Amino acid sequence: MEIVTLCLFLLVAVVVSGIVSRILPSALPRPIVQIALGAAIGMVAHVRVELDPELFLLLLVPPLLFLDGWRIPKEALFKDRGAILGLALGLVFLTVLGMGLFIHWLIPAMPLAVAFALAAVVSPTDPIAVSAVAQKVTIPPRMMHILEGESLLNDASGLVCLRFAIAAALTGSFSIWTAATTFAWMAVAGVAIGAGLAWGIVSAKSAFSRRFGDDVGSNILVSLLIPFAAYLGAEHLHASGVLAAAAAGITMTFTNVSTGVAAATRIRRRAVWDMLQFTLNGVIFVLLGEQLPDVVARARDTVAATGHQSVWWLGLYVLAIVAGLCALRFGWVWVSLQFTVYRSRWRQGDAEKTSPPRRVIAAMTTAGARGAITLAGALTLPLTMTDGREFPARDLAIFLASGVILSSLMIAAIGLPLLLRNLRLPADQGVEAERARARRAGAKAAIAELERVQHRMADGRDDADRFVDVAGRLMDQYRERLDALADDDDSKIAAKADERLEREMRLAAIRAERRAIFNLAHRREITTGVAEQLGRELDLVDARLTRFGTSG
């Protein structure tokens with residue numbers, strides 16, 4: 001009963017955090033508020049959440065990675081694959097090697113293998129935390145896509161490095177050949193298992209639905225179970241469950257093209273996943289805060305492992321590690337962006353713009369906040385060695401990892417709003433032109449089809465003028481779209497201004513219509529069921545227009 005009560009407190013804390021983060025005048029980021037609420041629960045509650053790292057990874061991480069892979073724009077993922085792979089693989093390995101040696105030099109009492117384990121723990125970034133921190137600031141879409149793609153891969157590479165560092169600490173030996181082959185197997189097999197399972201499950205469900213009918217509830221439930229199936233299947237075969245969950249999410253985009261999920265199912269499924277994402281993200285940070293009182297309480301005993309007496313040394317160690325992480329990330333981002341995102345300018349011989357602007361590099365560096373994977377990785381450190389002795393510096397590593405999480409979140413909370421102001425990455429050349437060309441082709445095809453259908457339907461009928469009038473009105477709409485897509489810049493500006501005005505007017509009209517309908521229901525002039533049905537239809541149009549205005 002106490003555990004159930006504590007779980008309810010955690011969920012209430014997630015809800016309260018969203019309210020508090022909005023009403024605070026300082027616009028404190030939601031993850032910081034959630035950590036603070038979790039710490040308050042940890043100090044007040046008499047029941048502690050004993051986090052099982054494997055259970056933590058299974059329940060919370062796969063659905064979030066699955067959803068990231070599902071929703072990330074695939075064109076952006078493949079377009080910036082060079083920058084993403086460089087950050088997700090090269091930067092992680094550099095961080096483990098460089099920070100492992102630095103931490104061992106900084107804290108000689110920490111064995112080298114444990115230092116490498118701590119470096120592996122703090123190497124993966126958490127874009128979910130970054131997006132929550134920067135919710136008051138608009139992150140350039142291309143930068144956000146790079147950060148999201150980085151997180152889909154660096155979790156796996158960081159956890160693989162952690163596994164080998166722990167094995168080296170337990171056995172005292174390390175084989176670079178074994179590490180390389182194991183990493184290759186975990187990566188390739190993880191991606192294959194995740195993609196194969198997602199494709200197979202969705203295809204089987206689609207075949208069943210075509211023959212026996214579809215059920216919205218079961219369709220949504222299947223989507224919720226896929227990331228867990230991918231994670232467990234990969235882990236059973238000693239592959240990367242983290243990569244499997246992300247690959248399953250990426251595959252969902254392509255399965256939906258062939259299976260044709262109903263629009264109503266997609267709308268309800270998105271609502272369920274939005275709720276799950278909000279809940280799991282919040283629970284992760286609340287749990288992190290709930291663990292902090294115990295971590296801080298053990299700080300005085302932990303500091304003895306460093307050979308010092310004052311607990312302030314632990315704070316200095318955290319700051320030194322964060323500074324080292326920022327320095328490595330800054331240097332790698334400069335090199336990576338110079339030869340990936342900015343490579344077209346470099347090839348064109350534009351010497352003045354060969355290097356990325358410093359503010360872009362600083363923003364990408366500041367965005368490297370740590371979160372769920374860092375916490376889970378720190379807790380996976382074993383309690384004892386193979387001979388029964390206590391695992392060296394375990395509490396110290398957990399404290400330092402927690403300090404890195406909090407420090408990186410605070411740096412992102414303070415630095416990103418300043419660095420992202422009016423910041424733009426190089427635009428994707430040709431994307432707008434391709435979009436306009438596709439829309440023009442679609443509009444012309446629609447006009448031609450309307451003319452054909454009009455003649456076919458009106459042939460031999462006495463009221464042929466009706467078909468001509470209806471088709472004419474529809475064709476006028478498509479011709480207006482063609483005019484809006486004209487190549488003339490002045491026409492484009494005027495069309496966009498008119499489109500924005502029309503959207504605002506339509507939104508105002510739709511919302512007034514919705515208020516009038518529900519006023520009728522409150523006066524009992526129509527039934528609540530009719531009002532809810534009409535309200536849902538208007539909500540869909542409202543959401544579409546609002547989303548279009550935000551993206552535009």
Side-chain angles (χ1 to χ4, degrees), residues 52-70 72 77 81 84-96 116-117 119-128 147-168 174-201 225-252 280 284 370-382:
D52 183 341
E54 294 184 359
L55 187 61
F56 180 87
L57 283 173
L58 171 63
L59 293 180
L60 299 180
V61 174
L64 292 176
L65 291 177
F66 175 81
L67 187 59
D68 282 345
W70 194 352
I72 186 174
L77 185 65
R81 59 187 179 276
I84 292 171
L85 288 175
L87 291 168
L89 300 178
L91 180 57
V92 168
F93 295 144
L94 177 64
T95 300
V96 172
F116 281 127
V121 162
V122 298
S123 60
T125 58
D126 187 353
I128 299 169
L147 293 171
E148 289 172 339
E150 174 192 2
S151 74
L152 290 177
L153 301 178
N154 69 6
D155 293 339
S157 54
L159 291 177
V160 170
C161 292
L162 173 62
R163 176 178 299 185
F164 283 105
I166 293 175
F174 175 77
S175 170
I176 186 66
W177 172 251
T178 303
T181 54
T182 303
F183 176 78
W185 163 255
M186 293 183 70
V188 174
V191 170
I193 292 170
L197 272 175
W199 188 278
I201 291 174
L225 293 175
I226 288 175
F228 299 105
Y231 183 90
L232 290 173
E235 290 293 322
H236 181 70
L237 296 176
H238 305 289
S240 173
V242 172
L243 268 181
I250 294 174
T251 306
M252 289 294 290
L280 294 183
I284 285 173
R370 273 62 180 176
I373 295 296
T374 295
L375 173 62
L379 295 174
T380 58
L381 294 175

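Quick caveat, the model's predicted, so the values are computed rather than measured. For the single chain, residues carry numbers from 1 onward in sequence order.
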Closest approach of Phe66 to Met252 (non-hydrogen atoms, all atoms of both residues)
CZ-CG, 3.4 Å
Does Val96 reach the side chain of Leu162, with side-chain heavy atoms less than 4.5 Å apart?
no
With a 4.5 Å cut-off on side-chain heavy atoms, are Leu147 and Thr125 touching?
no
Provide the closest heavy-atom pair for Ile226 versus Ala248 in the form atom of the first, atom of the second, distance.
CG2-CB, 4.1 Å
Sub-4.5 Å side-chain heavy-atom contact between Val242 and Leu65
yes
Between Ser123 and Thr95, what is the shortest heavy-atom contact and its length?
CB-CG2, 3.9 Å
According to ring-ring contact (aromatic ring centres under 6.0 Å, His included), who are the partners of Tyr231, at least two apart in sequence or on a separate chain?
none
Reference residue Leu232; test side chain to side chain contact (heavy atoms under 4.5 Å, CB included); the match among Leu197, Leu58, Leu237
Leu58
What's the shortest heavy-atom distance between Arg370 and Val122, and which atoms?
NE-O, 2.5 Å
Considering all heavy atoms, the nearest Thr380-Gly377 contact:
OG1-O, 2.5 Å
Does the side chain of Cys161 come within less than 4.5 Å of Phe93's, by heavy atoms?
yes
Looking at side-chain heavy atoms only, is the closest gap between Ile166 and Pro382 below 4.5 Å?
yes
Does the side chain of Ile284 come within less than 4.5 Å of Leu64's, by heavy atoms?
yes
Measure the CH2-OG1 distance between Trp185 and Thr182 for me, rounded to the nearest 0.5 Å.
11.0 Å
With rounding to the nearest 0.5 angstrom, report the CG to CD1 distance, Leu89 to Ile84.
11.0 Å
Closest non-hydrogen contact found for Pro124 with Gly158 is CG-CA, 4.2 Å
